[in-house]
Amino acid sequence: MEVQIEESGKNQTSPESIEADKAKQIVVLLIGPPGSGKSTFCDTAMRSSHRPWSRICQDIVNNGKAGTKAQCLKMATDSLREGKSVFIDRCNLDREQRSEFIKLGGPEFEVHAVVLELPAQVCISRSVKRTGHEGNLQGGRAAAVVNKMLQSKELPKVNEGFSRIMFCYSDADVDNAVNMYNKLGPMDTLPSGCFGEKKLDTKSQPGIMKFFKKVSALPASSSNEATNTTRKADEMTANVRVSPVKLGSADIVPTLAFPSISTADFQFDLEKASDIIVEKAEEFLSKLGTARLVLVDLSRGSKILSLVKAKASQKNIDSAKFFTFVGDITKLRSEGGLHCNVIANATNWRLKPGGGGVNAAIFKAAGPDLETATRVRANTLLPGKAVVVPLPSTCPLHNAEGITHVIHVLGPNMNPNRPDNLNNDYTKGCKTLREAYTSLFEGFLSVVQDQSKLPKRSSQTAVSDSGEDIKEDSERNKKYKGSQDKAVTNNLESESLEDTRGSGKKMSKGWNTWALALHSIAMHPERHENVVLEYLDNIVVINDQYPKARKHVLVLARQESLDGLEDVRKENLQLLQEMHNVGLKWVDRFQNEDASLIFRLGYHSVPSMRQLHLHVISQDFNSDSLKNKKHWNSFTTSFFRDSVDVLEEVNSQGKANVASEDLLKGELRCNRCRSAHPNIPKLKSHVRSCHSQFPDHLLQNNRLVARAET
DNA sequence: GTTCTAGAAC
DNA sequence: GTTCTAGAAC
């Protein structure tokens with residue numbers, strides 16, 4: 001990046017603290033015809049903002065007179081160098097007009113677009129009416145100009161290099177967007193992605209909701225069903241006014257960039273490959289939370305990109321979460337402005353550099369570090385398999401591009417001149433390619449989950465080696481001191497931590513570090529965007545990190561000192577009811593996808609993790625994470641307290657009954673027919689095929705939630 | 001020899 | 001909560 005931030009001469013600060021203090025600057029391209037309100041947007045957003053801004057307006061860039069694009073670029077560069085974020089106030093209606101400004105982005109600067117898509121009539125009439133407009137576009141001529149410009153308009157896409165795009169279709173949307181930028185402090189960032197776009201796409205975009213609090217101001221329970229775009233815009237408006245976005249500057253949307261596997265040198269059929277890519281991407285998006293998948297190809301005219309793009313849009317896949325991108329996979333951030341924390345490498349069976357194509361490029365860009373780190377994990381790879389390799393912080397790809405992991409993946413080979421040629425056997429080929437994408441996406445999922453598990457450090461912590469870093473963190477956590485969560489939250493938390501060690505009714509239970517994760521998510525859902533499905537004022541919904549059934553989510557209470565069922569009292573009744581309702585809403589959502597799923601909602605009598613959480617779990621128990629007797633018995637014996645019963649008990653007797661932990665050690669019985677089984681594998685194999693009716697007790701009182709048969 | 005569990009460590 | 005692994009069970 002050619003632009004450097006100059007510090008004044010008497011600079012005593014260490015490199016670490018420069019890094020920590022430095023705000024991520026933003027280049028915001030306003031996109032809209034004359035009269036769409038770009039200048040007003042900038043003025044309002046900049047008014048008493050805590051972030052230094054510069055407005056670059058082509059109408060006045062030349063000493064108060066209209067200037068050129070080049071002058072705008074120069075002024076933008078200068079402002080960025082001075083540490084300011086910039087608004088590019090010019091029409092920027094087509095891709096070409098925008099491209100040079102997008103190139104300003106890079107490791108230090110991210111580029112956003114705000115699209116002012118107001119009705120043409122509104123823009124024209126504003127242009128016509130106004131007097132004294134800086135560009136002197138007024139009077140009747142304006143109508144013709146605006147119309148002409150709108151004809152050649154091209155809406156921006158993330159793959160042009162924007163990290164964030166926001167579409168505004170109404171004054172309310174504009175107010176929203178203005179407000180967001182106005183409230184943005186020097187150290188804050190806005191979530192990446194595409195927001196508010198009106199398209200054929202009718203899928204909901206749950207990712208949006210969780211960035212905003214105060215959802216209770218909305219007709220909450222139905223919010224994600226049948227989401228139409230007007231609705232989406234309304235939600236954002238309602239929310240942002242109440243509470244501005246505030247995210248740590250370190251947050252980025254976890255993103256996997258991957259090349260098309262097997263379609264280059266391995267000569268796999270493009271049609272078949274594109275079907276598989278889209279199928280697998282769709283399958284994994286639901287598991288990935290807000291994380292994104294990006295198919296990358298070097299060439300603009302790439303056939304595989306256009307096939308995938310067309311098929312994804314046909315299937316209405318959320319284009320903010322899965323999209324295609326033209327660029328060099330080793331330079332996505334520095335050259336393309338797209339920050340991906342994980343990249344996939346279509347490798348060879350030896351996991352060695354060379355062979356040309358993506359594999360050679362990635363090994364070359366990463367330097368010897370990648371080979372060393374790879375050797376630790378594996379020496380060879382079978383077709384269909386993947387291996388996740390963390391990149392050391394010394395690696396150039398980590399430094400310059402922000403890539404923390406490379407996932408090597410080996411696809412099937414259809415090229416007779418390469419090893420393991422499948423001889424055109426596409427039955428086998430497709431199977432292996434599917435397997436390859438599954439392994440790849442699963443690898444990515446594990447990275448995302450791991451990263452969300454690690455507590456984020458406060459910005460003062462300066463450690464060069466990432467390995468040491470983690471060690472230090474866990475040491476610190478062991479001693480219950482210095483974790484960021486505590487530093488930021490109120491005293492309640494540190495008090496209760498102390499309390500766990502002393503005497504008294506609550507203090508009998510000392511929580512291990514691992515048991516605090518839910519509490520941390522409940523108190524700071526915005527720090528855990530990867531796992532959070534939804535959050536409201538007093539409730540957070542997350543995917544269970546180790547689901548014990550096909551669908552398994554947790555509804556967390558966002559209240560201090562409600563650690564588990566034992567703490568629940570009558571004053572919590574309303575909260576319990578809300579948790580139950582939110583749980584039912586998710587059941588409904590899951591049953592919309594698969595009507596055969598049957599759910600139970602309930603609490604563990606004695607939870608392993610701190611923070612009251614309601615399990616919403618499908619009764620198939622079909623999951624690799626269900627591994628032992630405790631897992632099974634905690635959901636299928638009376639240790640599991642149905643939410644409906646808890647509600648009733650709290651209401652009538654002021655607290656809930658809890659069962660003994662001894663139940664967890666009992667024999668393994670089928671949850672349907674109650675037959676006993678000697679071990680977990682045999683039990684699981686029985687459960688897979690048992691279709692008996694559920695026990696009578698569960699059929700009563702809505703303990704089981706099933707779709708009525710039609 | 002392999003499968004599976006239980007308990008320690010994290 | 002999970003992971004790891006020794007040793008029991010088969």
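In the text below, chain A, chain B and the rest are named by the order of the sequence lines, each starting its count at 1.
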Pairs under 3.5 Å (N/O, protein and nucleotides 3-10 of chain C):
| residue | atom | partner | partner atom | Å |
| --- | --- | --- | --- | --- |
| C:dT3 | OP2 | A:Lys627 | NZ | 3.0 |

Next on the checklist: I want to know whether A:His524 and A:Tyr535 have ring centres closer than 6.0 Å.
Outcome noted: no

Item to check | Touch class at under 4.0 angstrom, heavy-atom based, for A:Lys682 against every strand present | outcome: nothing

Checklist entry - Between A:Phe635 and A:His615, how do the two ring planes meet: parallel, tilted or perpendicular, split at 30° and 60°? => result perpendicular

Next on the checklist: Over all strands shown, is A:Leu518 touching base, sugar-phosphate only, or nothing at heavy-atom distances under 4.0 angstrom?
Outcome noted: nothing

Checklist entry - In chain order, what residues pass the ring-ring contact (aromatic ring centres under 6.0 Å, His included) check against A:Phe694, with sequence neighbours excluded? => result none

Checklist entry - Would A:Phe258 and A:Phe441 count as a close aromatic pair, with their ring centres under 6.0 Å? => result yes

Checklist entry - Can you list every ring pair (Phe, Tyr, Trp, His ring centres under 6.0 Å) pair that touches residues 653-675 of chain A, not counting sequence neighbours? => result none

